[in-house]
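Sequence lines set the chain letters: A, B, ... in the order given, protein chains first and strands last, and positions in each chain run from 1.
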Amino acid sequence: DAKTTQPNSMESNEEEPVHLPCNHSTISGTDYIHWYRQLPSQGPEYVIHGLTSNVNNRMASLAIAEDRKSSTLILHRATLRDAAVYYCILIPLIQGAQKLVFGQGTRLTINP
Amino acid sequence: NAGVMQNPRHLVRRRGQEARLRCSPMKGHSHVYWYRQLPEEGLKFMVYLQKENIIDESGMPKERFSAEFPKEGPSILRIQQVVRGDSAAYFCASSPFDGPYEQYFGPGTRLTVT
């Protein structure tokens with residue numbers, strides 16, 4: 001399984017943008033980049049995913065480096081509710097192989 | 001469209017008893033995944049099922065644990081003769097297709113073994 005590397009923790013202020021980095025230097029050409037988050041005492045929640053192009057949805061944006069060896073999850077305007085552990089996960093385009101392998105993730109703290 | 005449902009939300013079992021955890025996927029989803037989160041640890045994949053088939057059980061403990069996803073009804077994760085080390089949060093997720101698509105998680109079942 002291709003591995004990802006994320007900072008253990010990050011801190012930001014409410015209503016400011018947050019950029020969460022993820023390194024995946026051993027990514028293969030058909031690996032999709034997924035982001036999930038887990039709020040305290042809740043199940044994980046899908047955030048966004050992409051392959052090569054940058055992606056936007058109502059929750060966040062995903063910026064993927066041209067060589068695909070890194071990506072950044074962007075929360076445009078953080079709220080207190082965004083305090084969670086964020087996971088960057090690679091999923092191969094192989095039938096039956098889409099189990100999520102969670103690393104330690106980045107624990108994001110939002111200051112009011 | 002209701003989300004992934006899990007029940008019970010909390011389950012207490014004495015050592016040696018059986019635990020049955022249920023997961024109803026989102027409507028139209030035929031792919032179910034089970035994950036476990038031990039106290040103060042990360043999430044670990046356990047098993048991936050499609051209707052009536054186990055696709056990947058590489059994360060399942062070899063003994064006492066089994067999972068099924070019948071043609072009709074919810075997916076069941078069954079733990080026989082529970083031990084204290086089985087105390088954890090068990091999460092179920094579902095997706096509509098086989099492939100690198102998003103998985104939608106349920107709220108989890110918190111199992112406590114006394």
Inset, instruction - Identify which part of B/Y35 has an atom lying under 4.5 Å from any heavy atom of chain A, answering side chain, backbone, both or neither. - result: side chain

Legend entry - chain A contact via B/S58 - side chain, backbone, both or neither, heavy atoms under 4.5 Å: side chain

Linking I/L/V/M/F/W/Y whenever their side-chain heavy atoms sit closer than 4.5 Å, directly or via other members, would [X] and [Y] fall into one cluster?
X      : Y     : result
A/V85  : B/L38 : no
B/L21  : B/F65 : yes
A/W35  : A/L90 : yes
A/I110 : A/L75 : yes

Decide yes or no for [X] and [Y]: does some side-chain heavy atom of the first lie under 4.5 Å from some side-chain heavy atom of the second?
X      : Y      : value
A/Q38  : B/F91  : yes
A/P44  : B/Q103 : no
A/F102 : B/Q37  : no
B/F105 : A/Y46  : no

Legend entry - A/Q42, part contacting chain B, at a heavy-atom distance under 4.5 Å: backbone

Would you be so kind as to tabulate the donor-acceptor pairs closer than 3.5 Å made by side chains of residues 106-114 of chain B, with sequence neighbours excluded?
| from | atom 1 | to | atom 2 | distance (Å) |
| --- | --- | --- | --- | --- |
| B/T109 | OG1 | B/P8 | O | 2.5 |
| B/R110 | NH1 | B/P107 | O | 3.2 |
| B/R110 | NH2 | A/S41 | O | 3.2 |

Inset, instruction - Begin with the C-alpha distance, continue with both residues' side-chain angles, and end with the deciding distance and a verdict on side chain to side chain contact (heavy atoms under 4.5 Å, CB included) for A/L100 and B/Y48. - result: CA-CA 10 Å; A/L100 299 177; B/Y48 165 34; over 6 Å; no

Legend entry - Nearest-0.5 Å distance that lies between atom CD in A/Q98 and atom CD1 in B/I55: 9.0 Å

Legend entry - A/R107 atom CZ, neighbour heavy-atom count above 12 within 6.0 Å: no

Inset, instruction - For B/M5, look at atom CE and say whether over 12 heavy atoms of other residues, nucleotides or ligands are found less than 6.0 Å away. - result: no

